[in-house]
There are 2 protein chains.
Amino acid sequence: MTTAANKKPKPAGGKPSRRHEQGSGKRELILAAALDEFSQNGFAAARLDDVAKRANVAKGTIYLYFKDKESLFQELLRVQISPVVGMLEAVLAASKDARPVPLRETANRIADLFVDQVISTRRKDIVRLILTEGPRFPKLAEFYYREIISRAISAFRTRAARAAKEGELRSDTLARFPQLIVAPALTAIMWKSMFDKFEPLDAKALMKAHIEILFDKEERS
Amino acid sequence: MTTAANKKPKPAGGKPSRRHEQGSGKRELILAAALDEFSQNGFAAARLDDVAKRANVAKGTIYLYFKDKESLFQELLRVQISPVVGMLEAVLAASKDARPVPLRETANRIADLFVDQVISTRRKDIVRLILTEGPRFPKLAEFYYREIISRAISAFRTRAARAAKEGELRSDTLARFPQLIVAPALTAIMWKSMFDKFEPLDAKALMKAHIEILFDKEERS
DNA sequence: GACTTATGACTGACTAGTCAGTCATAGTTG
DNA sequence: CAACTATGACTGACTAGTCAGTCATAAGTC
């Protein structure tokens with residue numbers, strides 16, 4: 001029947017590497033399809049039949065790579081978030097060097113990182129999914145708090161405290177509420193997913209404006 | 001066709017009978033139960049059987065008061081949000097008086113309103129639901145944009161522009177990005193629903209700190 | 001009795017997860 | 001190289017279960 005068509009894509013351009021080692025190609029296909037479906041419908045309403053269809057794969061295949069729907073979901077989040085965490089750590093590490101980067105510069109870099117790597121990519125949907133489904137997956141919330149949030153918060157808090165002491169920051173407000181630094185980013189993500197079609201938002205400008213407010217004082221004029 | 005939406009067994013006339021009062025009591029019972037279930041599980045995963053059980057009502061009764069699951073959901077959001085919008089309008093209206101309230105004072109009042117009426121009540125879950133389910137209910141997102149967001153944004157933008165011109169604000173940044181005023185509020189809501197058990201956040205202090213940063217300049221010292 | 005309100009068993013559509021079977025390819029043999 | 005066997009990635013029809021929405025019936029009220 002029609003089945004013979006092109007289920008098995010001939011690897012274009014050369015070595016038909018051994019099929020059994022190629023399994024991971026499917027894995028990525030499934031993850032990509034899962035990103036589409038989960039971010040469009042949320043965890044509960046996403047159908048694995050649709051994920052399979054979108055990935056050009058039979059439903060059973062999904063279960064060769066992932067234990068169940070929840071594992072697929074969590075793995076998707078992990079795969080998408082890890083590289084960003086890596087980059088974030090690099091930026092924060094630079095901020096601890098002997099000759100440290102000014103805090104304002106660090107803030108700008110984080111903002112750029114966030115806009116370029118998250119808000120203006122499909123990863124913003126991942127963040128939305130974490131925010132959205134987090135309360136329903138306590139393990140997930142705990143994991144993200146332990147592995148990411150608490151580390152970032154305390155790194156930033158330390159840095160901001162020093163900045164306040166050395167006069168780089170006007171007050172210790174940011175050291176007490178490091179959440180304020182990411183607030184515009186979250187807002188931008190939410191805005192973009194809901195209202196951008198009514199009133200587009202320039203996320204980068206928003207974050208730059210926020211940084212300007214945070215740091216603006218005599219050091220400019 | 002449009003008139004068919006006559007679900008309320010309560011005729012809005014002057015003297016409702018005891019029976020009708022009972023009826024509307026059920027309605028509220030159902031809405032309260034729905035708030036619990038929807039905010040715990042999200043729209044898709046919430047079960048009407050559970051809503052009924054929680055409201056001590058048979059499942060069929062729900063359909064006497066609401067057309068379907070989605071209507072119940074939307075009505076829940078409407079009922080919870082309307083009063084807050086009313087209060088918000090009152091605050092913003094005062095800001096337009098002949099002898100206007102200083103912007104900083106308005107901002108403080110909005111922050112108080114938000115913390116007292118939303119963040120520290122179950123209504124924070126409603127906001128989370130809107131943020132969470134909004135992208136999946138385009139009608140909902142459009143409704144909230146048209147009826148609430150766009151109005152609040154433009155009211156605030158006008159006010160902030162005047163404040164910038166009259167020197168009350170250092171720059172026109174807030175007029176260009178009124179989103180910045182609510183950013184900490186959204187962040188507080190998300191933090192509270194996910195991470196509060198690991199690291200409690202004082203939402204009021206956060207918002208006051210933010211306002212301090214926004215307005216802090218020579219007017220303090 | 002007539003009319004309103006409430007019930008909960010039932011139905012039908014829908015879906016996560018399974019598993020017996022297929023088949024392209026790798027390996028082996030002569 | 002041709003023929004044969006072995007492997008396991010892949011398939012999709014199927015099962016078992018879930019849940020929104022319905023409706024025949026009951027209970028309450030005037």
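Proteins get letters first, then strands, A, B, ... in listed order; numbering begins at 1 in each.
dC19(D) atom C1' lies 14 Å from atom CG of Asp68(B), rounded to whole Å. Atom NZ of Lys53(B) and atom P of dT18(D) are 12 Å apart (whole Å). One atom, CD1 of Ile62(B), and another, C1' of dT22(D), lie 13 Å apart when rounded to the nearest Å. Regarding Lys69(B), its NZ atom lies at a distance of 18 Å from the P atom of dA13(C), rounded to whole Å. Tyr63(B) places its OH atom 17 Å from the P atom of dA24(D), with the value rounded to the nearest Å. Rounded to whole Å, atom C1' of dA13(C) lies 13 Å from atom CG of Asp49(A). Atom CG of Asp50(B) and atom P of dG21(D) are 15 Å apart (whole Å). Per the geometry, CZ belonging to Phe73(A) stands 14 Å off P belonging to dA16(C), to the nearest Å.
Aromatic pair Phe137(B)/Phe73(B): centroids less than 6.0 angstrom apart. Between Tyr144(A) and Phe195(B), a ring centre-to-centre spacing not shorter than 6.0 Å is recorded.
Close to dA9(D), at under 4.0 Å from its OP1 or OP2, lies no side-chain N or O of Tyr65(A).
Here the side chain of Val57(A) is nearest to one of dT11(D), dG17(C), dC10(D), namely dT11(D). Of the candidate nucleotides dA16(C), dA6(C), dT11(D), dT11(D) has the atom lying nearest to any side-chain atom of Thr61(A). With distances taken from any side-chain atom of Leu64(A) to the nucleotides dG17(C), dA9(D), dT7(C), the minimum falls on dA9(D). Closest to the Arg47(A) side chain, of the nucleotides dA20(D), dG17(C), dT15(C), is dT15(C).
Ala46(A) comes within 4.0 angstrom of the backbone, heavy atoms only, and of no base. Across all strands, Ala45(B) comes closer than 4.0 Å to no nucleic acid atom at all (heavy-atom distances).
No N or O donor and acceptor, one from the side chain of Lys26(A) and one from the base of dA9(D), sit under 3.5 Å apart. One N or O donor and one acceptor, one from the side chain of Lys59(A) and one from the base of dG17(C), sit under 3.5 Å apart.
Lys26(A) forms no cation-pi arrangement with Tyr65(A), by the criterion of a distance under 6.0 Å to the ring centre and an angle within 45° of the ring axis.
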Problem set entry | Derivation and outcome, salt bridge (Lys or Arg N to Asp or Glu O under 4.0 Å), residues Glu133(A) and Arg136(A) | CA-CA 5 Å; Glu133(A) 310 288 351; Arg136(A) 240 154 286 144; 3.0 Å; yes
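The two atoms that bring Ile62(B) and Ile30(B) nearest to each other are CA-CD1, 4.0 Å, heavy atoms only.
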